[in-house]
Engineer: 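Quick one: this structure, given as structure tokens, is what I'll be asking you about.
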Protein chains: 2
Amino acid sequence: MMEHLPDKLPKLTKNQNLVMGVLSKVDHPMSAYAILDSLKGNGLRAPLQVYRALERLEMLGLVHRIECMNAFVACRHDATKDDSMVAFIICNSCGDVKEVSDNSVEVGLHNVTKKAGFILQKPTIELQGLCRSCR
Amino acid sequence: MMEHLPDKLPKLTKNQNLVMGVLSKVDHPMSAYAILDSLKGNGLRAPLQVYRALERLEMLGLVHRIECMNAFVACRHDATKDDSMVAFIICNSCGDVKEVSDNSVEVGLHNVTKKAGFILQKPTIELQGLCRSCR
DNA sequence: TTATAAATGTTATAATATTACATTTAGACT
DNA sequence: AGTCTAAATGTAATATTATAACATTTATAA
Ligand SMILES: [Zn+2]
Ligand SMILES: [Zn+2]
Ligand SMILES: [Zn+2]
Ligand SMILES: [Zn+2]
């Protein structure tokens with residue numbers, strides 16, 4: 001779907017690196033304030049510093065925002081090889097969040113947007129339910 | 001997809017009717033606080049009254065929450081005849097929000113969840129971009 | 001009637017996000 | 001190196017969205 005990714009990633013700035021570092025070390029989404037807490041005394045003091053870094057990281061495709069959780073997660077799909085549309089599978093029981101991509105989802109959304117004469121810029125696909133081990 | 005809808009809608013309570021009344025009269029999503037403002041002096045005084053009504057209306061399938069806007073919109077698809085999965089098309093330019101449904105989207109999501117062994121309970125599909133008249 | 005669940009009213013507070021403004025840093029270009 | 005400019009940063013204040021806690025009232029049904 002011709003994604004956001006620049007050909008080459010620019011070097012990250014200090015704050016962007018701090019935030020990316022935190023998100024990379026965990027496998028679940030974190031709220032901006034949780035990120036901030038984990039960086040207090042480590043350079044960051046105010047929410048805005050986190051929100052600004054997140055905004056940039058999201059633009060670069062390194063971080064995704066999970067709308068239904070008001071939280072942010074490091075990108076886990078290989079965006080350099082696979083730029084297809086992405087969905088999140090969110091377990092309501094154990095809280096596990098997985099990033100997945102599937103061509104048939106893309107086809108479906110393409111149908112819907114085409115029918116509406118709509119130019120898709122930013123799809124949000126968040127699937128809440130029960131994961132394999134919780135169901 | 002075997003939806004949320006009860007066979008018969010229960011009679012709405014006073015607050016639920018007030019909130020539903022506001023959302024029905026407009027064709028765009030409103031924040032909980034915007035709803036509250038429009039009902040001040042009309043019975044409602046506090047945010048919680050609105051949030052509680054919205055929670056119930058959402059369960060009944062009469063209202064949808066738009067996650068990427070933190071806002072709520074009256075359901076516009078005929079839920080009595082069509083209980084297929086729903087997506088929202090959101091124009092970044094004019095702010096127009098349309099509720100649409102398309103079987104191929106449902107097929108796509110079914111593929112993805114099946115592959116993951118996931119039981120889907122609540123899909124969120126929000127497509128931001130440019131509508132026909134804004135593109 | 002009486003028990004029960006649902007809905008309501010109210011206050012306070014938590015959690016998430018942005019505005020405004022001053023300052024510093026990093027690159028690009030003489 | 002010196003100068004210019006855009007980007008990033010620092011900080012405080014504030015706006016927006018959402019929930020916790022608790023008392024009371026209303027609807028429903030045994
Ligand atoms: Zn990704
Ligand atoms: Zn699970
Ligand atoms: Zn609907
Ligand atoms: Zn438009």
Side-chain angles (χ1 to χ4, degrees), chain A residues 6 8-23 28-60 62-73 90 92 95 97 122 124 126 128, chain B residues 6 8-23 28-60 62-73 90 92 95 97 122 124 126 128:
Chain A
K8 193 176 180 307
L9 286 177
K11 184 155 50 81
L12 298 183
T13 67
K14 176 190 146 231
N15 289 359
Q16 290 158 20
N17 262 309
L18 287 170
V19 169
M20 196 65 216
V22 170
L23 284 179
H28 56 267
M30 291 177 73
S31 77
Y33 280 80
I35 295 169
L36 176 57
D37 282 347
S38 83
L39 287 171
K40 287 246 177 85
N42 225 313
L44 294 200
R45 297 165 176 279
L48 192 49
Q49 297 176 298
V50 173
Y51 280 106
R52 286 198 281 223
L54 285 170
E55 180 183 32
R56 192 88 179 82
L57 292 169
E58 217 188 329
M59 276 187 170
L60 294 172
L62 299 176
V63 162
H64 300 291
R65 177 183 167 89
I66 309 295
E67 297 288 353
C68 68
M69 301 176 71
N70 292 335
F72 304 84
V73 68
I90 301 162
N92 285 327
V97 175
K122 185 173 187 288
T124 297
E126 299 175 0
Q128 294 173 267
Chain B
K8 193 177 180 308
L9 287 179
K11 184 155 51 78
L12 299 183
T13 66
K14 177 189 146 233
N15 289 359
Q16 289 159 21
N17 263 309
L18 287 171
V19 169
M20 197 66 215
V22 170
L23 284 180
H28 56 268
M30 290 178 74
S31 78
Y33 280 81
I35 294 169
L36 176 57
D37 282 346
S38 85
L39 286 171
K40 287 248 177 83
N42 225 314
L44 295 200
R45 296 165 176 281
L48 195 48
Q49 298 176 297
V50 173
Y51 280 106
R52 286 198 281 225
L54 286 170
E55 180 183 32
R56 191 89 179 83
L57 293 169
E58 217 188 328
M59 276 187 168
L60 295 172
L62 299 176
V63 162
H64 299 290
R65 176 183 167 87
I66 308 295
E67 297 288 353
C68 69
M69 300 176 73
N70 293 335
F72 303 84
V73 68
I90 301 162
N92 285 328
V97 175
K122 184 172 187 289
T124 299
E126 300 175 359
Q128 296 173 266

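To find a chain, count down the sequence lines: A is the first, B the second, and so on, and within it residues start at 1.
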Engineer: Tell me which nucleotide among D:dT17, C:dG9, C:dA7 gets nearest to the side chain of B:Ser31.
Structural biologist: D:dT17
Engineer: Name the closest nucleotide to the A:Arg45 side chain, picking from C:dA7, D:dT11, C:dG9.
Structural biologist: D:dT11
Engineer: Considering just the side-chain nitrogens and oxygens of B:Asn70, establish if one lies under 4.0 Å of OP1 or OP2 belonging to D:dA18.
Structural biologist: yes
Engineer: I want to check something: taking the side chain as every heavy atom from C-beta on, are A:Met30 and A:Val22 in contact at a cut-off of under 4.5 Å?
Structural biologist: yes
Engineer: In terms of the nearest nucleotide of DNA chain C, which residue is placed more toward the 5' end: A:Ala71 or B:Ala46?
Structural biologist: B:Ala46
Engineer: Considering only side-chain heavy atoms of B:Leu48, which listed nucleotide, D:dT9, C:dT16, D:dT19, is closest?
Structural biologist: D:dT19
Engineer: Is any side-chain heavy atom of A:Leu62 closer than 4.5 Å to one of A:Leu12?
Structural biologist: yes
Engineer: With a cut-off of less than 4.0 Å, is there a side-chain N or O of A:Arg56 near OP1 or OP2 of D:dT9?
Structural biologist: no
Engineer: Which nucleotide in the set D:dA18, D:dA8, D:dG10 lies at the smallest distance from any side-chain heavy atom of A:Arg52?
Structural biologist: D:dG10
Engineer: Rounded to whole angstrom units, what separation is found between the OH atom of A:Tyr51 and the P atom of D:dT11?
Structural biologist: 19 Å
Engineer: Starting from P on D:dA8, measure out to CG on A:Leu18 and report it in whole angstrom.
Structural biologist: 15 Å
Engineer: Between atom CG in A:Leu39 and atom P in D:dT9, what is the gap in whole Å?
Structural biologist: 13 Å
Engineer: It should be established whether B:Gln49 places a side-chain nitrogen or oxygen under 4.0 Å from OP1 or OP2 of nucleotide C:dG9.
Structural biologist: yes
Engineer: Provide, to the nearest angstrom, the distance between the CZ atom belonging to A:Phe72 and the P atom belonging to C:dA15.
Structural biologist: 16 Å
Engineer: Are A:Lys122 and A:Thr124 side-chain neighbours, meaning at least one heavy-atom pair lies under 4.5 Å?
Structural biologist: yes
Engineer: Suppose we call a contact any N or O donor and acceptor under 3.5 Å apart; does that hold for the side chain of A:Tyr33 and the base of C:dA14?
Structural biologist: no
Engineer: Measure the distance from CG on B:Leu57 to P on C:dA7 and round it to the nearest whole Å.
Structural biologist: 11 Å
Engineer: Using a cut-off of strictly less than 4.0 Å, decide whether B:Thr13 has a side-chain nitrogen or oxygen near OP1 or OP2 of D:dA27.
Structural biologist: no
Engineer: A:Lys11 near the nucleic acid: base, sugar-phosphate alone, or nothing, with a heavy-atom cut-off under 4.0 Å?
Structural biologist: sugar-phosphate
Engineer: Where the side chain of A:Gln16 is defined as all heavy atoms beyond and including C-beta, which of C:dT8, D:dT9, D:dT19 is the nearest nucleotide?
Structural biologist: D:dT9
Engineer: If you round to the nearest 0.5 Å, how far is CZ of A:Phe72 from CD of A:Glu55?
Structural biologist: 10.0 Å
Engineer: Taking CD from B:Glu55 and P from D:dA18, how many angstroms apart are they, rounded to a whole number?
Structural biologist: 12 Å
Engineer: Expressed as a whole number of angstroms, how long is the span from B:Met69:CE to C:dA17:C1'?
Structural biologist: 16 Å
Engineer: Please determine if a side-chain N or O atom of A:Lys14 lies less than 4.0 Å away from the OP1 or OP2 oxygen of D:dA7.
Structural biologist: no
Engineer: Nearest whole angstrom, please: distance from the P of D:dT17 to the CD of A:Glu67.
Structural biologist: 14 Å
